[in-house]
Peer 1: 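Okay, handing you the structure first.
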Amino acid sequence: MRTPVMEMFGLEAPIFAFSHCRDVVAAVSRAGGMGTLGTSHFTADQLELELTWLDTHTDGKPYGVDVLFPSKQPKEYENLTVEQLGEYIPKGHRDFVRDLLAKYKVPEFSKEKSEAMMREYMTELTRTHREAERRLEVVYRHPLARMIVSALGIPPAHVIEQAHSKGIKVCGLIGHPKHARKQADAGVDIIVAQGWEAAGHTGEISTMVLVPDVVDEVGPDVPVLAAGGIGCGRQVAAGLALGAQGVWTGTVWLATTESETSPEIKKKLFAATASDTLRSRCGTGKPARRLSSAWVRAWEEPGAPKTLPMPLQSMLINEAQERIWHFNVEEMVSYPAGQVVGRLKEETTVKQVVYEMLDEFTTTVERLGGLIEA
Ligand SMILES: Cc1cc2nc3c(=O)[nH]c(=O)nc-3n(C[C@H](O)[C@H](O)[C@H](O)COP(=O)(O)O)c2cc1C
């Protein structure tokens, strides 16, 4: 099998994988796909360590790096410190979070731990353009990092220019054809068309409808990757049938042995069905799909405060999330996951997932070819 986007990176499989876990990224690249590391949890210094590790664990194969460039972040936030930003969080929101944690008896951290966490968070306020650009400086030092993916907005023109000058491809992740048009006009090389069933930040159009619309919108010169709800070979074949040149996946890797997903989260993932996720603004202020839990549902209830814009919402909930996870308050625990979570039933390896996807893809294409002959 060969598509132009596979040739762009010398891939053996049209499978692009998003993960925050370097082991998954390396294993996908080694298996012939394109692993892409999510960087939203890393400071520039941590990212340097991650990429140095990846350089020696992909057998010389390329990998990508995903950076958030939020498009609608209020300008006045850009040059503020975390303390100054904190003043924009209304007291009513802090009270809501405090009362919710109390209602579900989530234990508190010690004052020292709480302060240390805040200090750590201050140094890694990662969802700003300023931080995104610091991380890009790191990316440019690693020659196997062949693709930069921009989620949540168009990367600034100078970023696209700089990446191109270093021979790095730029990929834009979108959920609406009009955003695909803007990304293509801005000069990105690849578009990820991500449907609403996907994990993480997502728009309102399903993959089935979005992908062909985006393919038609950007034309044959800009390769499109289909994303959202792809976890098996039949779904890979569907993505390619819709006009994509490859697939971009996230949820399916959470169940692999290489994934750092905790045993508690894996247990929740394996128990979940396709209807156990919710698209909610409670994590970052922008709609993102995640496993449903008491925490997520509380933000949807009448009387809940309106979520805050980026990066205030994640500042507001950061410690609460850490407490819920640390003390494993099961009914409150949530995690980004797409509707394809319903297919995850047991742990498997990255290599096995890639093998099964390709195997089922082949039998699917043969089966469809047979339909025509009949
Ligand atoms: C745990 C998890 C975290 C994610 N975080 C991000 C992120 O930080 N940035 C991003 O561009 N996409 C993120 N995504 C979305 C993926 O890039 C991808 O578009 C999505 O998972 C594809 O749909 P699927 O989950 O149905 O495979 C995340 C996905 C998962 C599963």
Side-chain angles (χ1 to χ4, degrees), residues 15-21 24-25 28 33-42 47 64-71 124 126-127 131-132 135 147-155 170-175 179 183 188 190-203 205-208 210-211 214 224-232 235-236 238-239 244 246-256 258-262 265-266 268-269 272 274 276-277 279 283-284 286-291 310-311 314 321 325 333-344 353 357:
I15 298 171
F16 290 68
F18 172 94
S19 177
H20 287 118
C21 176
V24 172
V25 173
V28 172
M34 182 90 168
T36 298
L37 186 71
T39 65
S40 64
H41 301 319
F42 300 126
L47 184 61
V65 181
D66 183 285
V67 183
L68 297 175
F69 280 103
S71 56
E124 58 171 276
T126 51
R127 291 191 169 102
E131 270 304 312
R135 293 200 295 274
M147 177 178 77
I148 292 167
V149 184
S150 160
L152 294 185
I154 304 175
V170 181
C171 174
L173 194 149
I174 55 88
H179 296 146
Q183 294 263 6
V188 307
I190 305 163
I191 301 279
V192 174
Q194 189 204 245
W196 100 304
E197 51 270 68
H201 293 109
T202 171
I205 308 175
S206 71
T207 306
M208 188 79 159
L210 180 69
V211 176
V214 171
V224 174
L225 305 177
I230 295 172
C232 72
Q235 289 160 331
V236 176
V247 296
W248 171 269
T249 51
T251 300
V252 71
W253 311 106
L254 298 176
T256 59
E258 288 90 342
S259 168
E260 66 195 358
T261 326
S262 70
I265 298 286
K266 278 191 176 147
K268 278 205 152 192
L269 292 167
D276 290 326
T277 68
R279 189 169 162 271
T284 63
K286 287 182 185 269
R289 188 171 296 285
R290 50 194 310 124
L291 280 181
M310 265 186 172
S314 40
Q321 285 293 286
W325 280 30
V333 169
S334 174
Y335 201 77
Q339 293 182 337
V340 78
V341 70
R343 298 190 71 85
L344 309 182
V353 174
M357 275 185 178

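Note that ligands are numbered from 1 as they come in the structure, with each ligand's atoms numbered from 1 the same way.
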Peer 1: Out of A151, G283, G195, P336, who is nearest to atom 2 (C) of ligand 1 when you count heavy atoms only?
Peer 2: P336
Peer 1: Specify side chain, backbone, both or neither for W253, according to which of its non-hydrogen atoms lie closer than 4.0 Å to ligand 1.
Peer 2: neither
Peer 1: Answer side chain, backbone, both or neither: which part of D66 comes under 4.0 Å from ligand 1, heavy atoms only.
Peer 2: side chain
Peer 1: Any non-hydrogen side-chain atom of K268 less than 4.5 Å from a side-chain atom of Y335?
Peer 2: no
Peer 1: The test is side chain to side chain contact (heavy atoms under 4.5 Å, CB included); show your working for V333 and I265 and say whether it passes.
Peer 2: CA-CA 8 Å; V333 169; I265 298 286; 3.3 Å; yes
Peer 1: State whether the shortest distance between N or O atoms of A227 and N or O atoms of ligand 1 falls below 3.5 angstrom.
Peer 2: no
Peer 1: Whether R279 engages the ring of W196 as a cation-pi pair (distance to the six-membered ring centre under 6.0 angstrom, angle to the ring normal within 45°) should be assessed.
Peer 2: no
Peer 1: Tell me, please: is H201 in heavy-atom contact with ligand 1, that is, under 4.0 Å?
Peer 2: no
Peer 1: With heavy-atom distances below 4.0 Å as the criterion, list the atoms of ligand 1 near Y335.
Peer 2: 1 (C)
Peer 1: Counting only N and O atoms by type, is there a donor-acceptor contact under 3.5 Å from the side chain of T251 to the main-chain atoms of Q339?
Peer 2: no
Peer 1: Run the contact test for V252 against ligand 1 with a 4.0 Å cut-off on heavy atoms, strictly below, and give the result.
Peer 2: no
Peer 1: Going by the order shown, which atoms of ligand 1 are within less than 4.0 Å of some heavy atom of T249?
Peer 2: 27 (O)
Peer 1: Do the side-chain N and O atoms of E197 and T207 include a donor-acceptor pair separated by under 3.5 angstrom?
Peer 2: yes
Peer 1: Would V252 and I230 count as a side chain to side chain contact (heavy atoms under 4.5 Å, CB included) if you check the C-alpha gap in whole Å, the side-chain angles of each, and the deciding distance to 0.1 Å?
Peer 2: CA-CA 8 Å; V252 71; I230 295 172; over 6 Å; no
Peer 1: Mark the output for G229 as yes if a heavy-atom distance to ligand 1 is under 4.0 Å, and as no if none is.
Peer 2: yes
Peer 1: Check the pair L173, H201 against side chain to side chain contact (heavy atoms under 4.5 Å, CB included), reporting the backbone distance first and the verdict last.
Peer 2: CA-CA 10 Å; L173 194 149; H201 293 109; over 6 Å; no
Peer 1: Look at ligand 1 and say whether G228 reaches it with a heavy atom at a distance under 4.0 Å.
Peer 2: yes
Peer 1: Identify, by atom number and element, the atoms of ligand 1 in contact range of Q194, meaning under 4.0 Å from any of its heavy atoms.
Peer 2: 15 (C), 18 (C), 19 (O), 20 (C)
Peer 1: Can a donor-acceptor pair be found between the side chains of R135 and T39 at a distance below 3.5 Å?
Peer 2: yes
Peer 1: Please confirm whether W248 comes within less than 3.5 Å of ligand 1 when only nitrogen or oxygen atoms on both sides are compared.
Peer 2: yes
Peer 1: According to ring-ring contact (aromatic ring centres under 6.0 Å, His included), who are the partners of F18, at least two apart in sequence or on a separate chain?
Peer 2: H20
Peer 1: Counting only heavy atoms, which portion of Q339 has something under 4.0 Å from ligand 1: side chain, backbone, both, or neither?
Peer 2: neither
